[in-house]
Amino acid sequence: MFIGCNNNIKVNTIVSEESIDYNDKVIALTFDDGPSIYTEKIIEYLYNNDCVGTFFVLGNKVSNYKNTLIKSISYGNEIGNHSYDHKWLIKLKKDKMFEQIEKTQEIIKKETGYTPKILRPTYGSVNNTLKKITDLDIILWNVDTLDWKYKSINKIVIRATKNLKDGNIILMHDVHKRTFLALKKIVPIIKEKGYKCVTISELNEIKKLRKYD
Ligand code: ZN
């Protein structure tokens, strides 16, 4: 994927022939708590629909899905850190908090060769200790599909798409079959509304370019 703009500031990203101008309307699809048996289906679907996402993974699941993660990265998706085993980070002592993040960084690097640059804290909770102990960019969301709670695919689709705005970050979980089924309805809707999918790092780059324009 290639992000360009008029004054020659260009960003090279991975895969996809589709070019994204920084004035395009963009959306970041994000998936927490995986990888799982559904992740492969999700990345294949995204790839076939010229879409990318960001996957905030749990360190203790990485080795079992090593090949899925390598494929995911090669498809242009981004991998982020979501702790080692989903401990509530801000409730931990500093050294345990650090360990949850670092162990996950290490295993991702070891299994895929990729080093994440972003962290999604468990339960979206942030405190000063967390901000101090990590250099990773802390990424939350502004559209919550509640896919962990709703069994209805249509409810998830409506929550994901009803009030979409340029630059939104949508929260989903790639550990439910219904999330995959909902995604197959969400992607056509966001495309019809004129949005392009970008990863979190691409979104941050686009926001930076817009600010300095
Ligand atoms: Zn989570």
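Predicted, not measured: the structure shown is a model, and the values here were computed from it. In each ligand, atom 1 is the first atom listed, and ligand 1 is the first ligand listed.
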side-chain contact (heavy atoms from CB on, under 4.5 Å) test vs Tyr45 passes for just one of Ile42, Asn49, Asn48, namely Asn49
Open item on the list: For the residue pair Asp147 / His176, report whether a side-chain donor-acceptor contact shorter than 3.5 Å exists.
Closed with: no
Sequence neighbours excluded, the answer for ring pair (Phe, Tyr, Trp, His ring centres under 6.0 Å) partners of Trp141 is none
Protein-side N, O or S atoms sitting under 2.8 Å from the Zn ion (ligand 1) are Asp33 OD1, His82 NE2, His86 NE2
message: As a quick check of understanding, evaluate ring pair (Phe, Tyr, Trp, His ring centres under 6.0 Å) for Phe180 and Tyr38, giving each step before the final call.
response: CA-CA 7 Å; Phe180 169 59; Tyr38 304 110; 7.8 Å; no
Here the gap from Leu69 atom CG to Ile79 atom CD1, rounded to the nearest 0.5 Å, amounts to 5.0 Å
Looking at Asp166 and Arg210, does any basic side-chain N land under 4.0 Å from a carboxylate oxygen? yes
